[in-house]
Amino acid sequence: MSRYAATKIEEKWQKAWTEAGIFEAKREPGKEKYYVLEMFPYPSGKLHMGHVRNYTMGDVVARYKMSTGHNVLHPMGWDAFGMPAENAAMASGGHPKDWTYANIEAMKDQMKPLGLSLDWSREFATCDEDYYGQQQALFLDFLENDLVYRKNAVVNWDPVDMTVLANEQVEGGRGWRSGALVERRELTQWFFKISDYSEELLSALDTLENWPAKVRLMQENWIGKSRGLQFAFERSDGGEAIEVYTTRPDTLNGASFVGISPDHPIAKELEAESAEVAEFVAECRKGGTTEEAIETAEKLGYDTGIRVKHPLNPDWELPVWIANFILMDYGTGAIFACPAHDQRDLDFCRKYDLPVLNAFFMPDDVAPVENDALVPMKSEKVRWVDHFAGLTEATGEEAINATVDFAEKAGWGQGVTKYRLRDWGLSRQRYWGCPIPVVHCPDCGVVPEKKENLPIALPYDEDGKAIDFSVPGNPLDRHPSWRNCACPACGKPAQRETDTMDTFVDSSWYFSRFTAPKAATPTNLEDAAYWMNVDQYIGGVEHAILHLLYARFFSRAMQICGHLPESAKEPFDALFTQGMVTHAIYENAERKDENGRSIYHYPNEVEDRDGGVYVKETGEKIKVIPSAKMSKSKNNVVDPLAIISAYGADTARWFVLSDSPPERDVEWTASGAEAAYKHLNRVWNLCDKIGEMEPGAAGQGDEDLLREMHKTIRDVTLGVESFGFNASIARLYGFTNTLAKSKAGQAAQKQAIMVLAQLMSPMVPHLAEDIWAHQGGEGLITTAPWPVADEEMLVEASVTLPIQINGKRRGEITVAADLDKAEVEKIALAHEAVQKALNGGAPKKVIVVPGRIVNVVA
RNA sequence: GCGGGCGUGAUGGAAUGGUAGACAUACCAGACUUAAAAUCUGUUGGGCCUUGUGCCCGUGUGGGUUCGAGUCCCACCGCCCGCACCA
């Protein structure tokens with residue numbers, strides 16, 4: 001009897017696959033193509049379990065599609081620009097480029113043992129000059145097609161380090177390095193015109209049938225189409241009217257004040273005139289730029305003294321306040337507040353003692369609003385107060401429409417459609433990114449670089465000296481020999497743009513580049529036409545909005561510029577969002593460190609005994625926090641390499657697929673990994689046992705085993721096709737148990753184990769190959785055709801139906817599978833329990849669901 | 001604050017509106033063994049007593065729709081993710 005030596009067989013079969021070149025994708029017109037893609041990783045240098053889970057799922061799909069006769073493209077690359085490389089250079093010297101490429105090599109070494117069916121010949125990193133040079137060409141095409149422009153926008157500004165901060169670098173309103181209070185500051189930046197495509201990106205969501213509904217819903221809400229009323233408040237002092245936009249024009253009768261953003265032109269005007277206003281506005285600008293920071297900040301207001309006239313009654317004056325929660329980016333940067341029907345407005349009005357007027361009441365109520373805003377559903381009927389549109393009782397929806405009609409007829413406002421989606425700011429004031437290929441010329445202004453000068457490569461050093469990353473700010477700004485250049489238009493001295501691109505740009509088209517990674521243009525239309533779209537895209541739900549929306553926009557823009565065929569406008573035919581891999585945290589319940597912070601123990605430092613968990617060495621009690629995100633600081637990270645060297649890659653693959661549905665988080669447990677390993681051993685031993693049986697012999701229950709085999713083929717195939725990997729695996733456990741207990745002869749058992757190996761092969765390809773070879777299978781299991789269930793073997797002669805009486809299970813009957821409803825009803829009514837319940841009477845109703853259930857209503 | 005998701009035994013979870021708890025872990029018992037490990041077999045949601053082909057309860061909480069609800073609807077509670085410069 002031989003032993004399951006995972007590492008040995010894994011090396012062997014990986015070598016065999018590489019030699020056979022079966023994962024290198026080539027265009028084969030006529031063969032159905034299938035493009036599987038997992039979101040490419042950031043090269044942190046350390047592969048984690050989340051990667052293993054993501055790539056294993058992709059691998060299952062790729063291998064399954066390969067065995068169903070598809071021409072599969074399954075590439076891998078690196079999302080390699082970004083802050084961590086600069087942070088590393090800042091913290092420990094060195095160069096972001098060296099750090100990044102070393103990490104890529106390290107991560108590739110960690111990925112290779114997983115035995116993924118990847119086409120490494122197409123690999124690239126977004127920081128390769130070749131890749132970002134093509135991205136610069138795309139940028140120039142976008143510029144030419146009016147898809148990019150410049151405008152002012154706010155950034156986080158660290159007033160001590162004198163540098164721009166990413167949202168991530170702002171902690172509690174302070175800069176992460178300096179600790180200074182962050183301010184919002186305006187800067188001229190480049191923008192993609194994604195908002196021009198709001199309607200298109202919204203309506204096309206309907207065509208994405210194979211995307212999760214939640215992702216489509218999140219994108220829909222993010223784009224945020226709204227219908228509302230836009231109108232102007234006349235100023236009592238005769239100044240320029242204040243334009244406002246509202247989605248609730250029906251509440252105009254409850255208006256309390258007009259609010260403007262601190263960045264509104266009127267606020268800026270007052271800021272220049274009055275020290276008090278300037279001080280208030282400065283206070284408003286404290287804190288980061290995230291919507292979360294703005295929305296959760298304490299509500300601040302300042303009465304400008306300006307008064308405006310209510311559009312319905314010129315004698316009704318409303319005050320104009322500057323309020324910190326009003327965003328200049330949305331609508332017109334000015335609103336009217338109706339505190340009675342909006343909680344945020346109400347809190348503000350109570351704080352500053354502004355009037356609260358109901359615009360409507362509930363039908364059976366006249367109580368004015370106190371501290372809870374009255375916000376009925378839009379479809380609920382309410383009683384309107386002196387409504388100008390002539391309404392008394394109506395739903396919110398009716399009232400909104402009536403108000404818009406009224407305003408349009410009266411000529412003081414018009415119904416407009418707005419979107420929440422803002423243009424995509426791509427400028428970053430950082431070194432480690434794709435340089436924006438334009439030049440600033442004193443004479444010609446902003447001049448695009450010539451395509452023949454691409455790539456505009458990042459300078460590796462500064463005139464022979466290493467670039468200094470220890471100084472805050474963008475080293476490109478301080479790099480004269482790179483920055484100074486000739487104007488591409490007039491040839492006179494000019495300066496390069498030193499901003500680099502958002503890394504989201506890099507990841508918005510890499511999937512297109514994989515179809516022709518070495519093309520001299522961003523894509524090659526023939527290859528793109530053959531391989532696009534991505535048939536199955538797999539990644540974390542954290543990318544549900546930004547990355548996926550940007551990629552959808554980019555594909556449209558690339559198509560306009562002739563880099564993608566019309567059919568690739570929506571680049572991802574099917575999307576799957578997988579959950580995280582989590583692990584319990586072991587927090588010491590009895591002790592803190594000298595700074596009062598919790599102490600976290602590694603899994604190997606604790607033991608489970610007497611119904612509790614304790615530190616092995618000290619016996620201190622542990623508080624177990626289950627299912628937490630793996631994090632270095634919590635000491636709960638599981639290293640895939642350690643698992644692979646202990647059990648082999650197949651065990652790691654099997655486990656990450658087995659315990660949870662793929663879209664949900666899976667908790668890594670030592671016992672679970674152990675169980676996966678045991679099971680693979682069991683299958684291995686079964687294979688061995690069958691090898692020792694008398695060849696070709698028949699036995700007891702051959703047919704039963706084969707029937708079960710065909711049912712397993714059906715169920716596992718269904719599971720794999722619908723991302724029900726955990727269910728497929730549960731079914732494979734079941735079939736393994738059946739096979740292990742079977743008294744069938746060698747011929748049937750051999751057939752069963754070969755099918756079992758095939759069904760397991762997408763998940764544990766090495767073990768499957770080895771069993772296949774042992775049983776004398778032809779060629780590689782990886783390229784062998786997927787087994788097909790024999791329909792005849794799936795048909796059951798009889799079925800057992802539960803009998804319910806008034807919805808409660810009271811017995812069961814076994815009947816012929818094809819017996820008609822009336823006969824089933826007759827047999828069910830004759831059942832002892834039914835007779836007892838009916839007590840001689842007639843049933844009120846009998847429901848027969850064929851093949852499922854019988855319910856008798858007594 | 002806004003948007004989205006999730007909530008089922010001791011644990012991970014299964015269940016086209018149709019027998020809740022498949023499959024696995026853990027625990028317990030047994031077989032094998034001098035012993036242990038490994039392996040194999042079996043039991044296990046809670047309660048009741050009359051021990052049965054038994055009854056009652058049970059899918060975060062409270063309502064609702066339905067012959068029938070873990071699943072659909074409403075409200076609430078808890079946890080997780082995203083919020084435009086993290087990738």
Side-chain angles (χ1 to χ4, degrees), chain A residues 39 41-42 44 79 81-84 153 155-156 164-170 189 194 212 214-215 217-218 220-222 224 288-297 299 325 329 343-344 377 420-430 502-504 506-507 540-547 549-550 577 579-580 582 608 611 626-627 629 658-661 663-667 669 671-672 674-676 678-679 681-682 685 724 726-727 729-734 737 740-741 800-812 832-833 844-847 849 851-857:
Chain A
M39 292 179 185
Y42 178 80
S44 62
D79 188 13
F81 275 134
M83 290 201 306
V155 293
N156 299 304
V164 175
L165 296 179
N167 285 337
E168 197 190 41
Q169 298 171 313
V170 179
Q189 313 220 62
I194 189 172
K214 66 171 172 186
V215 173
L217 187 58
M218 280 192 257
E220 185 183 326
N221 289 332
W222 186 261
T289 58
T290 68
E291 196 162 299
E292 185 191 3
I294 293 164
E295 294 277 343
T296 54
K299 305 285 173 278
F325 61 86
D329 294 312
Q343 192 62 46
R344 188 175 59 179
M377 280 182 293
R420 202 185 75 101
L421 182 65
R422 308 200 293 257
D423 278 335
W424 169 12
L426 68 121
S427 302
R428 296 291 180 273
Q429 295 71 41
R430 272 186 273 282
D502 177 7
T503 55
F504 271 122
D506 312 339
S507 55
V541 71
E542 67 273 19
H543 295 292
I545 296 175
L546 291 179
H547 162 59
L549 193 62
Y550 290 158
T577 53
M580 290 186 304
T582 62
D608 206 339
S627 297
K629 194 172 180 168
S658 66
D659 243 22
S660 278
E663 67 275 15
R664 249 197 267 177
D665 291 351
V666 61
E667 179 165 349
T669 59
S671 59
E674 184 76 30
K678 276 186 194 171
H679 179 73
N681 265 291
R682 217 168 144 228
N685 293 337
N726 58 322
I729 284 181
R731 193 69 180 83
L732 289 166
Y733 270 109
N737 290 341
K741 285 174 192 161
T800 299
L801 298 179
I803 308 272
Q804 288 186 341
I805 296 164
N806 295 332
K808 285 190 195 295
R809 190 176 182 280
R810 282 295 181 267
E812 59 184 38
E832 191 190 341
K844 285 203 188 102
K845 199 171 176 183
V846 180
I847 293 117
V849 184
R852 280 285 180 193
I853 203 165
V854 180
N855 190 14
V856 179
V857 186

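All of these numbers come straight from a predicted model, not from anything done at the bench. Order of the sequence lines sets the chain letters (A, B, ...), proteins ahead of strands, with each chain counted from 1.
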Side chain of A/Glu542: nearest nucleotide among B/G5, B/A87, B/C85?
-> B/A87

Does A/Arg664 have a side-chain nitrogen or oxygen under 4.0 Å from the phosphate oxygens OP1 or OP2 of B/A14?
-> yes

What does A/Gly540 touch in the nucleic acid at a heavy-atom separation under 4.0 angstrom: a base, only the sugar-phosphate, or nothing?
-> nothing

For B/G4, does the glycosidic angle fall within 90° of 0 (syn) or outside that (anti)?
-> anti

Contact class for A/Leu732 (heavy atom, under 4.0 Å): base, sugar-phosphate, or nothing?
-> nothing

Heavy-atom closest pair, residues A/Arg852 and A/Leu801 | N-CD2, 3.5 Å

Could you give the distance separating B/A31 and B/G46 at their P atoms, to the nearest angstrom?
-> 25 Å

Same-atom distance (P) from B/A84 to B/A10, integer angstrom = 41 Å

Side chain of A/Ser660 (C-beta onward), nearest among B/G13, B/A84, B/A20 | B/G13

N or O in side chain of A/Asn726 less than 4.0 angstrom from B/A14 OP1/OP2 = yes

Rounding to the closest angstrom, what is the interatomic distance between B/A37 and B/C48 at atom P?
-> 34 Å

Could you check whether A/Val170 gets within reach of a base, just the sugar-phosphate, or nothing at all, counting any heavy atom under 4.0 Å?
-> nothing

Identify whether any heavy atom of A/Gly82 sits under 4.0 Å from a base atom; if not, whether one sits that close to sugar-phosphate; answer base, sugar-phosphate or nothing.
-> sugar-phosphate

Using atom CG of A/Asn156 as one end and atom C1' of B/C83 as the other, report the distance to the nearest whole Å.
-> 14 Å

So do A/Met39 and A/Thr577 actually touch side chain to side chain, heavy atoms under 4.5 Å?
-> no

Gap in Å between the two P atoms, one belonging to B/G4 and one to B/U16, rounded = 25 Å

Write down the partner of B/C76 under the Watson-Crick or G-U wobble criteria, each distance required to be under 3.5 Å.
-> B/G60

Report yes or no: is there a donor-acceptor pair, N or O only, under 3.5 Å between the side chain of A/Asn855 and the base of B/C67?
-> yes

Would you classify A/Val849 as touching base, sugar-phosphate or nothing, given that sugar-phosphate means primed atoms plus P, OP1 and OP2, and contacts are heavy atoms under 4.0 Å?
-> base

Output the single nucleotide from B/A87, B/C67, B/G4 whose closest atom is nearest the side chain of A/Thr503.
-> B/A87

Interatomic distance, A/Leu546 CG vs B/C83 P [rounded to whole Å] | 6 Å

Per atom distances to the A/Ile847 side chain, the nearest of B/C6, B/C67, B/C85 is B/C67

Start with the C-alpha gap between A/Glu832 and A/Arg810, add the side-chain angles, then the distance that decides, and say whether side chain to side chain contact (heavy atoms under 4.5 Å, CB included) holds.
-> CA-CA 10 Å; A/Glu832 191 190 341; A/Arg810 282 295 181 267; over 6 Å; no

Under 4.0 Å between any heavy atoms, over every strand shown, what does A/Arg731 touch: base, sugar-phosphate, or nothing? Just pick one.
-> nothing

Anything under 30° is parallel, anything over 60° is perpendicular, the rest tilted; go ahead and classify A/Phe504 against A/Tyr550.
-> perpendicular

Sticking with atom P, work out how far B/C49 lies from B/G12, rounded to a whole angstrom.
-> 32 Å

Which nucleotide in the list B/C85, B/C86, B/G18 gets nearest to the side chain of A/Glu168?
-> B/C86

Hey, are the side chains of A/Val857 and A/Asn806 touching, using non-hydrogen atoms and a 4.5 Å cut-off?
-> yes

Base, sugar-phosphate alone, or nothing: which one does A/Gln429 contact when heavy atoms must sit under 4.0 Å apart?
-> base

A/Gln169 CD to B/A87 C1': how many Å, rounded?
-> 13 Å

Between B/C57 and B/G70 - P atom distance, rounded Å | 13 Å

Quick one: label A/Arg420 by what it contacts on the DNA or RNA (base, sugar-phosphate, nothing), any heavy atom closer than 4.0 Å.
-> base

Between B/A84, B/G18, B/G13, which nucleotide gets closest to the side-chain atoms of A/Glu291?
-> B/A84

For B/A22, the nucleotide meeting Watson-Crick or G-U wobble distances (both under 3.5 Å) is none

Does the side chain of A/Asn167 get closer than 4.0 angstrom to OP1 or OP2 of B/A84 through an N or O atom?
-> yes

For B/A35 versus B/U51, give the span between their P atoms, rounded off to a whole number of Å.
-> 40 Å

Here the distance between atom C1' of B/U39 and atom CG of A/Asn681, to the nearest Å, is 11 Å

Figure out the CD1/P separation between A/Ile853 and B/A20, and round it to whole Å.
-> 7 Å

For A/Glu812 and A/Gly807, take the nucleotide of RNA chain B holding the closest heavy atom to each; which residue's nucleotide lies nearer the 5' end?
-> A/Glu812

Measure from the side chain of A/Phe504, starting at C-beta and using heavy atoms only, and say which of B/A87, B/G5, B/C85 lies closest.
-> B/A87

Ranking B/U39, B/U25, B/G18 by distance to the side chain of A/Lys678, first place goes to B/U39

Whole-Å distance separating the CD atom of A/Glu292 from the C1' atom of B/G4 | 15 Å

Per atom distances to the A/Tyr733 side chain, the nearest of B/C23, B/C6, B/A87 is B/C23

Test salt bridge (Lys or Arg N to Asp or Glu O under 4.0 Å) applied to A/Arg420 and A/Glu291, step by step | CA-CA 12 Å; A/Arg420 202 185 75 101; A/Glu291 196 162 299; 3.3 Å; yes

How would you label the contact of A/Ser427 with the nucleic acid (heavy atoms, under 4.0 Å): base, sugar-phosphate, or nothing?
-> base

Could you pick out which residue, A/Asp79 or A/Arg344, lies toward the 5' side of RNA chain B when each is mapped onto its nearest nucleotide?
-> A/Arg344

Close side-chain approach of A/Leu549 to A/Ile194, heavy-atom, < 4.5 Å = yes

With a non-hydrogen cut-off below 4.0 angstrom, is A/Pro661 in contact with a base, only sugar-phosphate, or nothing?
-> sugar-phosphate

Under-4.0 Å side-chain N/O to phosphate OP1/OP2 contact, A/Lys808 with B/C57 = yes

Answer yes or no: does a side-chain N or O of A/Arg682 lie under 4.0 Å from OP1 or OP2 of B/C40?
-> yes

A/Leu217 near the nucleic acid: base, sugar-phosphate alone, or nothing, with a heavy-atom cut-off under 4.0 Å?
-> sugar-phosphate

Spacing between A/Trp222 atom CH2 and B/A84 atom P, to the nearest angstrom = 6 Å

Quick one: label A/Gln189 by what it contacts on the DNA or RNA (base, sugar-phosphate, nothing), any heavy atom closer than 4.0 Å.
-> base

Using atom C1' of each nucleotide, how far apart are B/U65 and B/G78 to the nearest Å?
-> 26 Å

Between B/C23, B/G18, B/G42, which nucleotide gets closest to the side-chain atoms of A/Asn737?
-> B/C23

Hey, does A/Lys741 reach any base, or is it just sugar-phosphate, or nothing, if we go heavy atoms under 4.0 Å?
-> sugar-phosphate

Figure out the CZ/C1' separation between A/Arg428 and B/C86, and round it to whole Å.
-> 10 Å

How is A/Ala544 classified with respect to the nucleic acid when contacts are heavy atoms under 4.0 Å: base, sugar-phosphate, or nothing?
-> nothing

Quick one: is A/Lys214 getting a side-chain N or O under 4.0 Å of the B/G4 phosphate, OP1 or OP2?
-> no

